[in-house]
Amino acid sequence: MRTETPQAIYLKDYTPPPFLIDTVDLDVAIFDENTRVRSRMGLRRNPAAADPQASLCLDGEDLVLESVALDGRILAAGEYVLCGGRLLLRVELPEAFMLETVSLIEPDKNTQLSGFYRSKDGYFTQCEAEGFRRITWFLDRPDVMAKYTVTLHADKAKFPVLLSNGNPVASGSEGVGRHWAKWVDPFRKPSYLFAMVAAKLDVLREDYQTRSGRTVHCAVFVEPGKLDQCAHAMAALKKSMKWDEVVFGLEMDLDHYMIVAVGDFNMGAMENKGLNIFNTKCVLASPDTATDSDFQHIDRVVAHEYFHNWTGDRVTCRDWFQLSLKEGLTVFRDQQFGMDMHSAGVTRIQDVRTLRAAQFPEDAGPMAHPIRPASYAEINNFYSATVYEKGAEVIRMIHTLIGKSAFRAGMDLYFKRHDGHAVTCEDFVSAMADASGVDLTQFKRWYNQAGTPRLVARGEYDAAARRFTLSFTQQYPATAYERRLEAEGRKFSRGAYHLPVVLGLIGPDGAELPLRLAGEDKAVGTQRVLELREDEQTFVFEDVAVQPVPSLLRGFSAPVILDYPYAEAELTHLMAHDTDAFSRWEAGQRLATQILLRGIEAFQTGKGEALGWIPASYVEAIRTLLASAADPESDPALIAEALTLPSEVVLAEAVSGVVDPDAIHGAREALIGHLAAQLKGELLMTYQALKLSAPYSPDAAQVGARALRNTCLDYLAGSATVEALALLKAQLDEADNMTDSVAALAALANLDVPERQAALDAFLERWKHEALVVDKWLNVQALSSAADTGSRVRSLLDHPAFDIRNPNKVYALVRAFCRGNPRHFHAADGSGYALAADVILLLDSANPQVASRIARSFDAWRRFDAARQSLARTQLLRIQAKTDLSRDVGEVIGRALE
Ligand code: PHE
Ligand code: ZN
């Protein structure tokens with residue numbers, strides 16, 4: 001039995017590679033039983049190596065080595081050794097040489113989906129982070145960049161499409177029914193960006209003209225028969241290409257840009273140079289199979305992968321500790337794209353929602369890490385909400401602190417200095433600092449410190465002096481991350497963050513007040529960026545004629561938890577008058593949270609049902625909000641966001657002390673039920689008024705209308721009355737798009753009524769041939785609030801529509817249940833924990849990356865009561881006791897138990 005977290009590697013131990021690889025020539029012959037990979041590499045000693053005499057040790061995993069040759073001479077048995085997944089050469093090596101290896105791999109047995117693997121329609125690769133070593137022997141690290149030439153051979157009828165990075169240069173037939181194709185990538189790249197595909201696929205092709213007049217041949221490859229689901233992804237690609245030209249001056253650099261969709265994929269998508277490989281759920285969309293959020297998600301993922309071409313591929317990471325260099329920056333870029341393409345306010349609200357639901361809990365739990373971790377056991381565990389989402393917030397703060405045009409100058413400088421190189425987060429921050437002239441030394445703490453800082457703000461109004469004084473205190477207690485560094489005796493320092501507070505002051509009439517800070521001779525605008533750098537700082541505003549309500553952290557200008565003692569009336573005031581859409585929404589969330597925290601306490605003391613904790617003024621505020629939908633100027637999408645209460649996961653973060661999932665659920669449901677009862681007429685009216693007659697389109701206006709309409713439906717459905725059921729059934733029958741169907745199905749799945757099963761059965765029968773729609777069918781059941789959800793999810797594991805080998809199915813059912821349905825996952829009898837552990841144990845050997853993502857469901861286990869903790873611990877220990885537990889799961893479970 002293993003009892004410890006697996007061995008870690010450290011950022012401080014980085015050394016340059018002893019050898020460089022300039023060229024790689026791969027010849028890949030695919031057969032039913034195995035694939036033979038012949039690799040010819042041009043190597044030379046790295047002049048920057050620490051040890052000029054170092055021996056050559058190549059990475060390899062699950063490879064059967066057939067031969068090794070040095071400059072054309074086959075090496076004898078004693079001239080090399082294989083040990084622990086490595087190939088060590090024991091011969092004298094010249095300064096520069098050619099090394100040729102021949103190995104066999106078995107892609108049909110590769111269930112990890114890392115390296116070269118079989119999926120329904122053919123063979124695909126996934127090399128980030130360390131998958132290339134599962135294809136051939138290599139220095140599999142991002143600071144080794146080579147030019148690749150690839151020749152693929154396969155059966156022509158079964159795998160007519162043969163692709164790799166770069167440009168197709170030759171192809172032909174050979175042998176009996178076989179063919180080959182040769183690709184050359186003109187750009188040097190790290191091995192993690194390598195890709196190849198041999199499959200039977202349909203393709204949609206369109207050209208794009210870059211602003212300098214070059215033609216890029218774009219192609220979207222999908223499973224045969226799904227061509228009608230590609231248009232949206234293609235359009236998103238072209239929009240992204242245009243946007244990056246306009247906003248960042250960045251043009252596509254290749255003649256071919258290919259997107260290939262595959263149904264078995266661990267993540268969302270992968271930015272391989274010129275040959276992106278995508279999870280089908282991030283490509284395929286038609287109105288009857290995809291929801292509005294699917295359409296928007298596809299836009300964002302296509303953009304994200306495309307933007308990586310510059311922020312990731314042209315300038316890449318020196319080592320995996322720098323992952324946020326490309327991911328934080330590229331998420332920031334796709335967020336900005338989303339804000340430009342859709343509604344800026346709604347996009348920002350949704351992105352902050354994601355941050356709070358996924359990243360804040362991560363930062364508060366056993367896997368806490370800074371956006372640049374100092375150590376890891378398994379890099380796949382660090383494709384995290386922190387590296388991605390908090391990483392993007394850190395870039396956004398630089399953007400806010402130095403301003404848009406200096407940020408653009410910083411990007412230009414970054415590319416000028418580092419194009420074609422593998423660099424570090426410091427290099428990025430230095431480019432920003434040098435281009436803007438702003439000192440960002442202290443800012444770098446965001447890269448080294450973990451945890452969500454708490455910003456305590458207090459305002460004091462002096463009517464006689466017409467002065468408003470705002471004081472800020474930063475709190476940043478040590479997290480699990482620093483506690484571990486301390487236990488390991490490692491040095492670390494902590495200090496105040498450099499962060500921007502974007503603010504305005506709102507007067508009693510709802511107007512924004514002009515802002516003059518003490519010491520300034522005149523007011524400058526009504527919105528300011530205050531820079532915090534100290535543990536405590538005070539700002540004095542002069543000429544403030546009336547007591548203002550401060551609107552703090554507009555646009556969520558820093559990823560902190562704001563502690564400001566707003567009165568409920570002040571929040572209602574901000575909800576109605578703040579000029580910043582995000583802040584209006586935020587005021588509503590804050591108000592709902594304050595009320596719900598009282599409700600949670602009431603439920604714990606048996607006084608919840610009496611509803612004394614719900615102020616009548618709150619119902620009136622929501623009534624006003626609903627009424628505003630009738631105003632043609634209003635944005636229904638924003639109203640829908642404002643009507644959506646903080647999720648149970650987000651509420652759990654707001655609770656201090658022991659988390660009681662039943663009380664959280666009880667209070668939230670009670671508030672929804674009360675609002676539905678009090679506002680039934682308004683909800684119904686809004687629902688009916690928003691019925692669309694135009695044909696479906698995922699444009700902002702329709703999306704907003706459907707979002708608000710389905711939010712109203714959700715409120716109305718909570719009551720399970722005959723009327724509500726009729727509404728749900730009518731929507732299910734009449735819907736001409738997946739957004740409305742699945743919204744009705746999800747609402748019905750919450751109810752323990754006979755209609756539920758009938759609707760679920762009919763839905764499955766209709767969609768059983770569309771894998772992504774079956775995922776939705778699993779998902780609504782996993783997220784159901786009905787009492788029997790735990791046992792239903794357990795039996796769905798054995799349903800023919802479920803497949804534990806397919807990551808999308810596991811995410812739709814198991815991850816959704818464990819991460820998105822806290823009340824059932826944390827069931828008092830421990831059944832949720834047992835279910836998670838069973839799945840983790842089943843998956844650990846087959847697909848450790850997916851198993852590890854499920855294992856993260858236990859992150860918060862110590863926040864629950866003693867009985868639940870004991871049940872969770874039992875399952876954690878059971879997982880830890882598995883022989884040969886993967887490094888992925890071992891690290892997560894080890895940290896949870898630390
Ligand atoms: N680099 C990919 C992205 O962010 C994510 C990914 C990581 C995909 C690892 C596969 C494996 O776009
Ligand atoms: Zn990315």
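- Ion pair Glu648/Arg823 not flagged as a salt bridge, since none of the NZ, NE, NH1 or NH2 atoms sits closer than 4.0 Å to an Asp/Glu carboxylate oxygen.
- No hydrogens or angles considered: a donor-acceptor pair under 3.5 Å links the side chains of Ser784 and Thr789.
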Could you walk me through whether Lys882 and Ser845 pass side-chain hydrogen bond (donor to acceptor under 3.5 Å, both in side chains), step by step?
CA-CA 10 Å; Lys882 175 181 175 257; Ser845 307; 2.9 Å; yes
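- For Val658 against Asp865, the heavy-atom pair with the smallest separation is CG1-N, 3.7 Å.
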Check the pair Leu679, Tyr715 against side chain to side chain contact (heavy atoms under 4.5 Å, CB included), reporting the backbone distance first and the verdict last.
CA-CA 9 Å; Leu679 305 172; Tyr715 272 96; over 6 Å; no
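- At distances below 3.5 Å, at least one donor-acceptor pair connects side-chain atoms of Thr605 with backbone N or O atoms of Glu601.
- Note that Arg815 lies in the cation-pi zone of Tyr811, set by a 6.0 Å cut-off to the ring centre and a 45° limit from the axis.
- Ser795 places a side-chain N or O within donor-acceptor distance of the main-chain N or O of Ser791, the cut-off being under 3.5 Å.
- Across Thr593 and Ala654, no two heavy atoms sit closer than the pair CG2-CB, 3.9 Å.
- Between Lys281 and Asp775, no side-chain nitrogen of the basic residue sits less than 4.0 Å from a carboxylate oxygen of the acidic one, so the salt-bridge criterion is not met.
- Relative orientation of the Phe360 and Phe556 rings is tilted, given thresholds of 30° and 60° on the angle between their planes.
- Distance alone, capped at 3.5 Å, is enough to place a donor-acceptor pair between the Arg863 side chain and the Ala652 backbone.
- At a threshold of 4.0 Å, the pair Lys390-Asp363 counts as salt-bridged, since one of the basic side-chain nitrogens sits closer than that to a carboxylate oxygen.
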Apply the test side-chain hydrogen bond (donor to acceptor under 3.5 Å, both in side chains) to residues Gln296 and Arg300: give CA-CA distance (whole Å), side-chain angles for both, the deciding distance (0.1 Å), then the verdict.
CA-CA 6 Å; Gln296 277 173 11; Arg300 290 283 291 270; over 6 Å; no
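- Looking at Arg348 and Asp351, no side-chain N of the basic residue comes within less than 4.0 Å of a carboxylate O on the acidic one, giving no salt bridge.
- There is a side-chain donor-acceptor pair under 3.5 Å between Ser886 and Asp844.
- A donor-acceptor pair under 3.5 Å links the side-chain atoms of Asn779 to the main chain of Ala812, judged by distance alone.
- Between Phe603 and His665, the ring centre distance reaches or exceeds 6.0 Å.
- Ion pair Lys776/Asp294 flagged as a salt bridge, since at least one NZ, NE, NH1 or NH2 atom sits closer than 4.0 Å to an Asp/Glu carboxylate oxygen.
- Taking 4.0 Å as the cut-off between side-chain N and carboxylate O, Asp888 and Arg895 do not count as a salt-bridged pair.
- In summary, the aromatic rings of Trp861 and Phe858 are positioned with their centroids too far apart to meet the 6.0 Å limit.
- Of the possible polar contacts, none joining the Arg766 side chain to the Asp761 backbone as a donor-acceptor pair under 3.5 Å is found.
- A heavy-atom distance below 4.5 Å is found between the side chains of Leu813 and Phe802.
- Counting heavy atoms from C-beta outward, Val889 and Leu841 have side chains that stay 4.5 Å or more apart.
- Between Glu620 and Arg623 a salt bridge is recorded (basic side-chain N to carboxylate O distance below 4.0 Å).
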Run the side-chain hydrogen bond (donor to acceptor under 3.5 Å, both in side chains) test on Asn710 and Gln731 for me, step by step, so that the C-alpha distance in whole Å, both residues' side-chain angles and the decisive distance to 0.1 Å come before the verdict.
CA-CA 10 Å; Asn710 286 322; Gln731 179 159 326; 2.8 Å; yes
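- Taking the charged nitrogens against the carboxylate oxygens, Arg878 and Asp838 do have a contact shorter than 4.0 Å, which makes a salt bridge.
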Assess the residue pair Thr572 and Ser617 against the criterion (side chain to side chain contact (heavy atoms under 4.5 Å, CB included)); give the C-alpha distance rounded to whole Å, side-chain angles, the decisive distance to 0.1 Å, and a yes or no.
CA-CA 9 Å; Thr572 325; Ser617 58; 5.9 Å; no
I would like to know whether Glu641 and Arg584 meet salt bridge (Lys or Arg N to Asp or Glu O under 4.0 Å); could you show each step before the answer?
CA-CA 10 Å; Glu641 293 296 345; Arg584 285 199 303 278; over 6 Å; no
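- The side-chain heavy atoms of Leu835 and Arg794, taken from C-beta on, include a pair separated by under 4.5 Å.
- Residues Arg756 and Asp752 are paired through a salt bridge, judged by an N-O separation under 4.0 Å between the basic side chain and the carboxylate.
- Nearest heavy-atom pair across Gln678 and Val619 is CB-CG1, 3.7 Å.
- Minimum heavy-atom separation, Asp292 to Thr739: N-OG1, 2.8 Å.
- Closest non-hydrogen pair, Asp264 versus Leu113, comes out as C-CD1, 3.9 Å.
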Under the side chain to side chain contact (heavy atoms under 4.5 Å, CB included) rule, what do Leu797 and Ile804 come out as? Steps first, then yes or no, please.
CA-CA 8 Å; Leu797 293 174; Ile804 198 163; 5.8 Å; no
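- Listed for the Thr686 side chain is a donor-acceptor partner under 3.5 Å among the backbone atoms of Glu682.
- With 3.5 Å as the limit, one finds no donor-acceptor pair spanning the side chains of Gln594 and Arg590.
- The two residues Pro636 and Gly704 make their nearest non-hydrogen contact at CB-O, 3.6 Å.
- A salt bridge between Glu389 and Arg356 is absent, with no side-chain N of the basic residue lying under 4.0 Å from a carboxylate O of the acidic one.
- A donor-acceptor pair under 3.5 Å is formed between the side chain of Gln589 and the backbone N or O of Thr644.
- With hydrogens and angles ignored, the 3.5 Å screen pairs no side-chain donor or acceptor of Asn380 with any backbone N or O of Gln849.
- When atom types are taken as modelled, the side chain of Trp777 and the backbone of Phe763 share no donor-acceptor pair closer than 3.5 angstrom.
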Under the side-chain hydrogen bond (donor to acceptor under 3.5 Å, both in side chains) rule, what do Asn808 and Asn279 come out as? Steps first, then yes or no, please.
CA-CA 9 Å; Asn808 284 355; Asn279 188 319; 2.8 Å; yes
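- A salt bridge between Glu362 and Arg819 is absent, with no side-chain N of the basic residue lying under 4.0 Å from a carboxylate O of the acidic one.
- In this structure, the side chain of Trp613 engages the main chain of Gly608 through a donor-acceptor pair within 3.5 Å.
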